[in-house]
Amino acid sequence: MNNRYDPASIEPDLQQRWEENRAFQATEDPAREKFYCLSMFPYPSGKLHMGHVRNYTIGDVISRYQRMQGKNVLQPMGWDAFGLPAENAAISNQVPPAKWTYDNIAYMKKQLKSLGFAIDWSRELATCDPEYYQWNQWFFLRMLEKGIAYKKTQVVNWDPVDQTVLANEQVINGRGWRTGAVVEKREIPGYYLGITQYNEELLADLDKLPGWPERVKTMQANWIGKSYGVRFAFRINGVARSALGSPPSPSGTNPPGADLVGRSSPEGGRTGKSVNKGNEGDKEDALLWVFTTRADTIMGVTYCAVAAEHPLAIYAASKNPELAAFVEECKRGSVIEADLATMEKKGLPTGIFVTHPLTEEKIEVWVANYVLMGYGEGAVMAVPAHDERDFHFARQYGLPIKTVIAPPPQPSPSRGEGVGGGDVAYTDHGVCVNSGKYDGMDYETAVNAIAVDLKTKRLGDKQVQWRLRDWGISRQRYWGCPIPIIHCDHCGDVPVPDDQLPVVLPEDCVPDGAGNPLNKRDDFINCLCPKCGKSARRETDTMDTFVDSSWYYARYCSKDNNNAMVDERVNYWMPVDQYIGGIEHAILHLLYSRFWWKVMRDIHVSMNVPYRDVPMPQAQDAQERPAGAGRAGAAGLGLVKYDEPFEKLLTQGMVLNEIFYRKPESGRIVYFNPADVEIQIDAKGQRTGAILKSDGKPVESGGIVTMSKSRNNGVDPQALIEKYGADTARFFMMFAAPPEQTLEWSDSGAEGAYRFLKRLWKFAHEHHLHISTGLKVSGKVNLNQAHPDIKNARRIIHSLLEQANRDISKFQFNTVASAGMKLLNTLEGISGAAKLDTPLGGTHETMAINVAYTEGFSILLRLLSPITPHICDYLWRELGYGDDILKAPWPEPDEQALQQDEIELVVQVNGKVRAHITVPAHAGRPEIEQIALADDNVKRFVTPENISKIVLVPGRLVNIVVS
RNA sequence: GCCGGGGUGGCGGAACUGGUAGACGCGCCAGACUCAAAAUCUGGUAUGGGUGACCAUGUGGGGGUUCGAUUCCCUUCCCCGGCACCA
């Protein structure tokens, strides 16, 4: 073998070998335990970044480890290929998004292959492929049939230049992130998915996910935002129900068509817990419904406030120009929640009064900008004494403040000043006062009593409120999955019939930046109405790309089946045993996926008849299918089993690097790539400054942050692979930090990883003969009777293995890598310690050394093989261990090797380490105490008289307590 | 404001269920090899004191429980992430 480690000469060969052997192609086998290891698929942005390398290395280490544990492992890969960057690239380069995307996929796939990931490429998919997105469309139509998908008109952010809806994240300081145009609020129609129909289950099932990080579950729970309270109504004096008309549905939490004023409970028919709708009939007073979590403060209501979009506000504005102007102003304001939080509280009285349902008092209704149309009822009861916002508003407009809650009887020592009226609202729970019959009740008692009273009057009841809104999936964008709807002047919105699917997106469009280019494609738009056959127009909106990523994990399981979305094989592989990806997807993608999966479980589709007559594609690899596979589920069953798609979740940390910059007197900050900066240090290695290599002048350090183009602190993985090879890149990524933590890039750290692999190679080269000799004579040697130095080295090796096995099962790969390094250090130490002379000496001692090398290095190679597969695979074969390390079993420690005759104990005096003693492994307490007390240094602190106690921790330490 | 996660050498990070704090690596210092440099190898490297064996201090600060605390409890400061006029 070559005496020099040259990754460039071995890695491509091994990758080719794995590919030729189809080493990582997964086949369903009910007899074997499966392990589905999934990393979040990348957006094909151009080239891999360090975050990808980290993500996929973590996944690959887990996959390869599980494989060596004997599991049937599936690790697929695909492309989240629809999305805005392709359109933006198309606009600046005048290339069709499809070409840009497919070129990027080709390049990135090459990069992934060069990293040696154990991926089953036969299952590769791209979401922009009609073979994939046809099922988005098909399933969307099923959702439409079941009422889970629906159309409604809602206020959204509208970019007037790009002529598209913007997500809230895409609006920066009230302007479009790309165009800089002032964003407008617009009411436009779109399709929505009823994720709120699943809010209860999405929340409750978080408890079924012990393998998910706590913080992700917390973030999802917060996002779903369940709160318990009371929903009740004020009678609106002198305003008839009919006067308020039929407003647009304000909130995603409500099913389409719900009536705002006196509408049904947001939980609607699902729970059957319908609240009294109040008095029916046009002549009756209309009702103003509000929701509160603090029904115990209901006696302290001094006004009501409604959102500008609330029908009552609109009604009042129609009679009052000043109010109308204010309502308009509010509507123009930002819809970003964070902005609202800091906005000044403004409001105007409507002149309309309502009747308090319990006190019959007259209460004035205000329009206030702090009330959100999208949450609850778009209207609140205001209790200034016990709510911060109401308090500020009341102060500003001189509205009355009525205290109805007093601090609880038990003195709470930490209460601040101003309790019970004064400069702040008292918002804690307490006891009702000034509340008539409710006086003296605590929070819970009061809420219950008030809810009962409201219910008796048929004006309210307890109610659960959710923060989660339905998921709007319409995008006025070209590069996405077309929504399969046809607009007909006679028949309305008509779903595209199954046998006309897929609605294929024209791939040759070059967007010009103004609106959706599909609107200019008559060949796409013009079609015939499936119902009446007259000419009609195709919907040009496309689906949110989060739709694509909501079920790709299921498609991998039956990727070659063009007749069904999923087939029986999905129930073999799913759920995903381990999902790995960035924390940035903690809410959206993971919540949407959980929702989509549950809908797949619940939608009962008869698949006895294929939806269209398409021949099954020839399976490229003639994969065997389990019996019964081929059609999704049996009639009357959901498409999939199981409640949750992802059993365990690992959220990897970001990859960071330092930023360097200069800020000229005038002008913009200039960032310099760390590769072009030289760090200056003093004699102790401490940092004194940094200079730019090119001009030798100082630059400022801006701290260590996520790698990004804008701050020019990225490191290209390609350069790393080319310089050191894939194994070094992988080793460094695993060694530098635990997977969930942030990882700071370090050039010298990568260099150190390379150095270690060179040493590993060198060791194999130097001890080639010893190892092959050891393999031949291993049966003839009992290592438990070898030289003490060898036994000692073996004990260290096996205890390192023990620790590494514990760590790898916890995904603590940094200490696994570290154990590998220690293992090599130990092996390198054997030769000196045992005075190795000739490798073929033939004495028992020499044979023992050879066998110890053979055993130790075999452990080392297998332990490291998930992290650095190339070098380990190569050396395994080269040294004669076997044909294929991929088929080798995972190493387990030898209990006998862990035994020792003598052990070292720590001797403490009053908890401070004073000596180290060596005692026989099975020494009893008297013997240990005697040896400990005989130690010279111990004697300096201990006299026989002052000993008050001796604590003995077996195998660890002796603590002598002296007075 | 609420909810999570963290504060350990010059740096990244170790420390199994309360039991030797700083493993492993980076950096730095010294030495070997070399005409020299790179590469490689050997030794050292928490801080302060001592020639040294050792001693004192030390895991953000303060307090507690314990024979013994990075680990458990209370309190406080700081950093990161998420949510936020949510009624």
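Worth saying up front: this structure is predicted, and the values here are computed from it rather than measured. In what follows, chains carry the letters A, B, and so on, assigned in the order in which the sequence lines appear, proteins first and then strands, with residues in each chain numbered from 1.
Within 4.0 Å (heavy atoms only), V961(A) reaches sugar-phosphate atoms of the nucleic acid but no base atom. Counting non-hydrogen atoms under 4.0 angstrom, Q812(A) reaches the backbone sugars and phosphates but no base. S948(A) comes within contact range of no nucleotide atom at all, as no heavy-atom separation falls under 4.0 Å. V290(A) comes within 4.0 angstrom of no nucleic acid atom, judged by non-hydrogen atoms across all strands. When heavy atoms are screened at a 4.0 angstrom cut-off, R4(A) is found touching no nucleic acid atom at all. Counting non-hydrogen atoms under 4.0 angstrom, E214(A) reaches nothing in the nucleic acid. Residue-level contact check: D936(A) touches neither bases nor backbone, having no heavy atom under 4.0 Å from any strand. The residue P213(A) sits apart from the nucleic acid: no heavy atom pair falls under 4.0 Å.
Separating the CG atom in L312(A) from the CH2 atom in W289(A) is a distance of 15.0 Å, to the nearest 0.5 Å.
Separation of the P atoms belonging to G81(B) and G10(B) is 25 Å when rounded to the nearest angstrom. Separating the C1' atom of G12(B) from that of G6(B) is a span of 16 Å, rounded to the nearest Å.
No hydrogens or angles considered: nothing links the side chains of R54(A) and Q652(A) as a donor-acceptor pair under 3.5 Å.
If you take CZ of F732(A) and P of G13(B), they are 10 Å apart, rounded to a whole angstrom. Spacing between atom CZ of F813(A) and atom C1' of G12(B) amounts to 18 Å, rounded to whole angstrom units. If you measure from atom CG of L760(A) to atom P of C24(B), you get 18 Å, rounded to the nearest angstrom. Atoms CZ (R389(A)) and P (C2(B)) sit 15 Å apart, rounded to a whole Å.
A tilted orientation is assigned to the rings of Y754(A) and Y724(A), their planes being inclined by 30° to 60°. Ring geometry, Y443(A) versus H429(A): the interplanar angle falls under 30°, so the pair is classed parallel (tilted spans 30 to 60°).
Anti is the conformation of G6(B), whose glycosidic angle sits further than 90° from 0.
With distances taken from any side-chain atom of Y370(A) to the nucleotides G12(B), C85(B), C83(B), the minimum falls on C85(B).
Scanning atom types as modelled, one donor and one acceptor separated by under 3.5 angstrom connect the side chain of N959(A) and the base of C67(B).
For CZ of R795(A), the number of neighbouring non-hydrogen atoms (other residues, nucleotides, ligands) closer than 6.0 Å is greater than 12.
Residue K822(A) has no polar side-chain atom (N or O) positioned under 4.0 Å from OP1 or OP2 of A23(B).
Aromatic rings from Y303(A) and Y397(A) are positioned such that their centres are separated by 6.0 Å or more.
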Sugar-phosphate atoms are those with a prime plus P, OP1 and OP2; base atoms are the rest. Using that split, label each nucleotide of nucleotides 50-58 of chain B B, S or - for protein heavy atoms under 4.0 Å, 5' to 3'.
----SSSS-
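Using a 4.5 Å heavy-atom threshold, the side chains of K226(A) and N199(A) count as separate.
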